[in-house]
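Numbers here are sequence positions counted from 1. We use all heavy atoms of the structure for the numbers below, so side chains are in, but hydrogens, waters and symmetry mates are not.
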Amino acid sequence: MATLPLLSMTEPLPGFPGHRDYVLVTADGDGRLFWLQSMAPDGPRFLAVDPGVYFPDYAPRLPAPVCAGLGLEDPAQARLYCLVTVPAEGPAAATANLRAPLVVDPVTWRATQVVLPDGAHPIRRPLRR
């Protein structure tokens, strides 16, 4: 199981104010699914995906203040991850939140979740089509 470096959130994820340090751990053998795991012993864990793998057309315009806050000179350098919801119906009905991606600076590993200001990207886009 491969682990990426420690992600330091510039702002906590909504609803989880005490958690700023996370790691991304591969949840499968091919790097398509990740666990965003809090470093706190009882901290939250979220399923996440690299949206480019599932949605090749996904190219959100990142707000300049978000990039500046992370120290990203070029928004194209950012790594994006989208949180996944698996409903009671099971994994076949899983959706990705494309409206609020996690934006990661791959140099400093600082990260933030941003709610995109335009409505072009859905909150729940099915992973399967």
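- Expressed to the nearest 0.5 Å, how far CG of Leu36 lies from CE of Met9 amounts to 7.0 Å.
- Taking Asp105 as the reference, Thr108 meet the side chain to side chain donor-acceptor pair (under 3.5 Å) condition, with sequence neighbours excluded.
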Phe34 and Val49: side-chain contact (heavy atoms from CB on, under 4.5 Å), yes or no, with the steps?
-> CA-CA 6 Å; Phe34 298 89; Val49 295; 5.8 Å; no

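- Under the 4.5 Å side-chain criterion, counting only non-hydrogen atoms from C-beta, Pro12 is not in contact with His19.
- Every residue was checked against the side chain to side chain donor-acceptor pair (under 3.5 Å) condition with Thr95, not counting sequence neighbours, and none meets it.
- For the residue pair Leu62 and Cys67, the shortest heavy atom distance occurs at CB-SG, 3.9 Å.
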Please report the C-alpha distance between Tyr54 and Leu33 in whole Å, then the side-chain angles of each, then the deciding distance to 0.1 Å, and finally whether the side-chain contact (heavy atoms from CB on, under 4.5 Å) criterion is met.
-> CA-CA 10 Å; Tyr54 290 88; Leu33 296 171; 3.7 Å; yes

For the pair Arg99 and Val115, evaluate side-chain contact (heavy atoms from CB on, under 4.5 Å) and give the outcome as yes or no after the intermediate values.
-> CA-CA 6 Å; Arg99 177 76 54 83; Val115 177; 4.2 Å; yes

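- Across every non-hydrogen atom of Leu13 and Tyr22, the tightest pair is CD1-OH, 3.8 Å.
- Contact check for Pro63 versus Pro117: side-chain heavy atoms found under the 4.5 Å cut-off.
- In this structure, the side chain of Gln113 engages the main chain of Ala100 through a donor-acceptor pair within 3.5 Å.
- The hydrophobic clustering, which links ILVMFWY residues whose side-chain heavy atoms are closer than 4.5 Å, places Leu83 and Ile123 apart.
- A single hydrophobic cluster is not seen to contain both Val107 and Val104; linkage of ILVMFWY side chains at heavy-atom distances under 4.5 Å, directly or through other members, places them apart.
- Taken to the nearest 0.5 Å, the CG atom of Asp50 stands 11.5 Å off from the CG atom of Leu102.
- Side chain of Tyr58 to main chain of Leu98: a donor-acceptor pair is present (N/O by atom type, distance under 3.5 Å, no hydrogens or angles).
- Taking a 6.0 Å sphere around CG of Asp42, one finds it holds 12 or fewer heavy atoms contributed by other residues, nucleotides or ligands.
- Ala93 is linked by a side-chain contact (heavy atoms from CB on, under 4.5 Å) to Pro87, Glu89, counting only residues two or more places apart in sequence or in another chain.
- Once rounded to the nearest 0.5 Å, the distance linking OH of Tyr81 with CG of Leu24 reads 5.5 Å.
- In this structure, NE2 in His121 is found 8.5 Å from CG in Asp57, a value given to the nearest 0.5 Å.
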Audit row: Arg45, Val25, side-chain contact (heavy atoms from CB on, under 4.5 Å) steps and yes/no = CA-CA 10 Å; Arg45 179 171 78 164; Val25 180; over 6 Å; no

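- Phe46 and Phe16 have their aromatic ring centers within a separation under 6.0 angstrom.
- A donor-acceptor pair under 3.5 Å links the side-chain atoms of Arg110 to the main chain of Gly69, judged by distance alone.
- Pairing each heavy atom of Leu127 with each of Ala96, the nearest pair is CD2-CB, 3.9 Å.
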